[in-house]
Enquirer: 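Structure below; questions to follow.
Start at 1 with the first residue, then count along the sequence. Side-chain atoms are counted along with the backbone in the values below, which use heavy atoms only and exclude waters and symmetry mates.
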Amino acid sequence: MKVAIYCRLSEEDRNKSVATDDSNSIQNQKAMLVQYAMEQGWEIYNIYSDDDYAGADRRRPEFNRLLEHAEQRRFDIILCKTQSRFTRELELVEKYIHGLFPLWGIRFISIVDNADTANKGNKKSRQINGLVNEWYLEDMSENIRSVLTNRRINGYHIGAFALYGYQKDPERKGHLIVDPEAAAVVREVFTLFANGMGKAAIARSLNDRGIPNPSEYKRLKGLRYKGPKSKNSTLWRYAAISDMLVNEIYIGNMVQGKCGSVSYKTKQNKPRPKSDWYRVEGTHEPIIDRALWDRVQQIVAQRAKPFDTGSVGIFARKVKCACCGYTMCSCKSRGKRYLRCASKFASKEVCVGAFIAVDMLEQLVINELNRLASEYLNTDKLAQNISFCANLQDQRDKLLLDISAYEKKIAEYSKGIRELYMDKVKGLISESDYVEMAETFTSERSRLERVVIEVQKQLADVKDKMEAGDNRQELIARYTQFDRLTREAVDTLIDHIVVGKRIKGTRDVPIEIHWNF
């Protein structure tokens, strides 16, 4: 009998002597499983080991190699320490342990929790293990989410890496400090744009001087940044310059939560509405002064002028080049709007480039939307089952929770000020210490009170929309009968579109639409 041993560790081992070493926990798992296999007289086919991967991560390289070899029937048994080492998802327990493994003639054993597919009597215990592991994942996800939300509300930086121009403060967790080398580039970008240079021209200038882009800069600084690696991955792009110029973090405001995970079972993220972002002012030292920032924002607003459809680019930031994967930008020729590959103009010989007329792309999308609507949607049934105002209700509930959290924090600061005063009266702290700490508490309380007023305005807007009445039929018509596209429709229905190079000898441009549904 040939046995495949699978080991997994879910957190990074901090005691590795070199980065390629297995963790001590992985070594212990291997030793236990190898000994067990030898005692049973089994031949060890291979040891598959995933270090620093979660049990819900389906992209584990050795896990997927194990499944591939299992399907090829290279061994007879899969041996793990516990069932949760193999997976914490009940769906995968049913799919593989109870489904495909028996079909492939493979026995699954985990020695600590006594899971063994050769024993028909413990199938229920294996299912219970899977269910408990699933609950563990969900509870852990909710706990982590609540902690991160609280830290975002209080203005702490929680990302794995600091934004380009900053670095994490080694003395204060969640605080950013200026990185002088990168900050100089940020100031240059803002200054050049304020003086009239375009975004693509700024990208070319940085590339021509060999200045690494933010991703490459992180890698050069020794950070374990995992970004796209290609021969052009060190280049600045139009999109990177565009994002930098409107990022409030550069004026000292912490803005987080722009994207959110789809589910605790996947690492896929989706953009969140601006009203759901977490924005806290004055959390760190600004790189860009307010005068320069205001001037840049004014130029950005002036350049984003309405055209054709009356909105700022119905496909803005939604269309990507099939050749290099970078976002396509808008251009105009002889009164007509086009989308072209941004990276083609960032540096020479980067990409052959995709190119398509906006009206042509719009018609292709409309045709496909109308085809899908006629083929799959029963509009009468849809009108009966649509959840009226569900999104508005979610927004209202979230805003109410935010207000409650802010008010609780305000009460804590008020209580802190009273306690400080009593400590001063009792002589526990000096007058100067009292004044300094009281000013800090008062400042934070005032800031939060301003935030509450702003959130209450947002809440009032949401309530007004909810009181406007049942608009189900209007929504159905809006999203199933298309003559022209709007930016709102594109944002709601389309995740992104991939555009290829025009087919030689024809006027056809291949496109691939990735929907949000």
Side-chain angles (χ1 to χ4, degrees), residues 1-13 20-23 25-38 40 42-120 122-138 140-141 226 261-269:
M1 302 291 284
K2 291 184 179 180
V3 60
I5 291 175
Y6 180 73
C7 309
R8 178 183 64 81
L9 186 70
S10 60
E11 60 184 59
E12 182 183 357
D13 174 39
T20 55
D21 282 351
D22 281 335
S23 71
S25 178
I26 287 286
Q27 293 171 352
N28 292 337
Q29 287 182 48
K30 286 180 181 178
M32 175 192 296
L33 298 173
V34 167
Q35 181 180 352
Y36 184 88
M38 292 175 63
Q40 304 302 315
W42 297 331
E43 175 189 345
I44 297 176
Y45 171 76
N46 196 11
I47 299 177
Y48 303 81
S49 174
D50 282 317
D51 203 358
D52 195 16
Y53 284 92
D57 192 344
R58 300 190 182 191
R59 300 175 300 175
R60 289 172 274 161
E62 287 294 280
F63 174 77
N64 286 303
R65 195 164 74 94
L66 172 75
L67 296 179
E68 180 184 344
H69 292 173
E71 187 174 8
Q72 296 168 0
R73 292 142 170 100
R74 295 191 185 186
F75 42 77
D76 308 291
I77 301 169
I78 292 177
L79 183 64
C80 299
K81 179 183 177 182
T82 63
Q83 185 175 300
S84 64
R85 294 298 92 191
F86 178 75
T87 182
R88 287 191 179 275
E89 291 190 76
L90 183 59
E91 178 186 345
L92 294 189
V93 170
E94 293 298 325
K95 179 178 180 179
Y96 289 106
I97 296 179
H98 297 150
L100 293 176
F101 288 171
L103 290 177
W104 297 340
I106 291 176
R107 179 182 175 189
F108 178 85
I109 301 173
S110 58
I111 59 179
V112 173
D113 48 11
N114 297 314
D116 186 349
T117 53
N119 181 355
K120 303 297 182 183
N122 75 0
K123 180 178 180 180
K124 289 183 179 179
S125 67
R126 295 194 299 271
Q127 290 174 323
I128 291 172
N129 284 342
L131 187 59
V132 170
N133 288 327
E134 184 86 21
W135 288 340
Y136 170 82
L137 280 178
E138 188 172 3
M140 182 173 65
S141 174
K226 296 179 182 179
S261 62
V262 176
S263 164
Y264 68 90
K265 292 187 177 183
T266 175
K267 292 184 180 293
Q268 183 182 1
N269 284 323

Enquirer: Would you name the heavy atoms of Lys30 and Ile47 that are closest together and state the gap between them?
Expert: CE-CG2, 3.8 Å
Enquirer: So, taking the atom named CG in Leu79 and the one named CZ in Arg107, what distance separates them when rounded to the nearest 0.5 Å?
Expert: 9.5 Å
Enquirer: Under 4.5 Å between any side-chain heavy atoms of Glu62 and Tyr53, yes or no?
Expert: no
Enquirer: What's the spacing between Asp50 CG and Arg85 CZ if we round to 0.5 Å?
Expert: 11.0 Å
Enquirer: At what distance, to the nearest 0.5 angstrom, does CG of Asp51 lie from CG of Leu9?
Expert: 5.0 Å
Enquirer: At what distance, to the nearest 0.5 angstrom, does CG of Asp116 lie from CD1 of Ile111?
Expert: 11.5 Å
Enquirer: Locate the shortest heavy-atom distance separating Met32 from Lys81; write the atom from each residue and the value.
Expert: SD-CG, 4.0 Å
Enquirer: For a side-chain contact (heavy atoms from CB on, under 4.5 Å) check, start with the C-alpha distance between Phe108 and Val93, then their side-chain angles and the critical distance, and finish with the verdict.
Expert: CA-CA 11 Å; Phe108 178 85; Val93 170; over 6 Å; no
Enquirer: With rounding to the nearest 0.5 angstrom, report the CZ to CD1 distance, Phe101 to Ile77.
Expert: 12.5 Å
Enquirer: Is any side-chain heavy atom of Val3 closer than 4.5 Å to one of Gln40?
Expert: no
Enquirer: Report, as yes or no, whether the 6.0 Å neighbourhood of atom CE on Met1 holds more than 12 heavy atoms from other residues, nucleotides or ligands.
Expert: yes
Enquirer: Check the pair Leu100, Glu71 against side-chain contact (heavy atoms from CB on, under 4.5 Å), reporting the backbone distance first and the verdict last.
Expert: CA-CA 8 Å; Leu100 293 176; Glu71 187 174 8; over 6 Å; no
Enquirer: Rounded at 0.5 Å granularity, tell me how far CD in Glu68 sits from OH in Tyr48.
Expert: 9.0 Å
Enquirer: On the 0 to 90° scale, with breaks at 30° and 60°, tag the Tyr6-Phe86 ring pair as parallel, tilted or perpendicular.
Expert: perpendicular
Enquirer: Would you say Asn46 and Arg65 make side-chain contact, with heavy atoms under 4.5 Å?
Expert: yes
Enquirer: For Leu33 and Ile44: C-alpha separation, side-chain torsions, deciding distance, then whether side-chain contact (heavy atoms from CB on, under 4.5 Å) applies.
Expert: CA-CA 10 Å; Leu33 298 173; Ile44 297 176; over 6 Å; no
Enquirer: So do the side chains of Ile78 and His69 get within less than 4.5 Å of each other, counting heavy atoms only?
Expert: no
Enquirer: Quick one: are Ile106 and Tyr96 in side-chain contact, heavy atoms under 4.5 Å?
Expert: no
Enquirer: List the atom of Gly99, the atom of Pro102, and the distance in Å for their closest heavy-atom pair.
Expert: O-CD, 3.3 Å
Enquirer: Asn64 and Arg58: which non-hydrogen atoms are nearest, and at how many Å?
Expert: ND2-O, 2.9 Å
Enquirer: Any heavy-atom pair between the side chains of Arg8 and Phe63 that's under 4.5 Å?
Expert: no
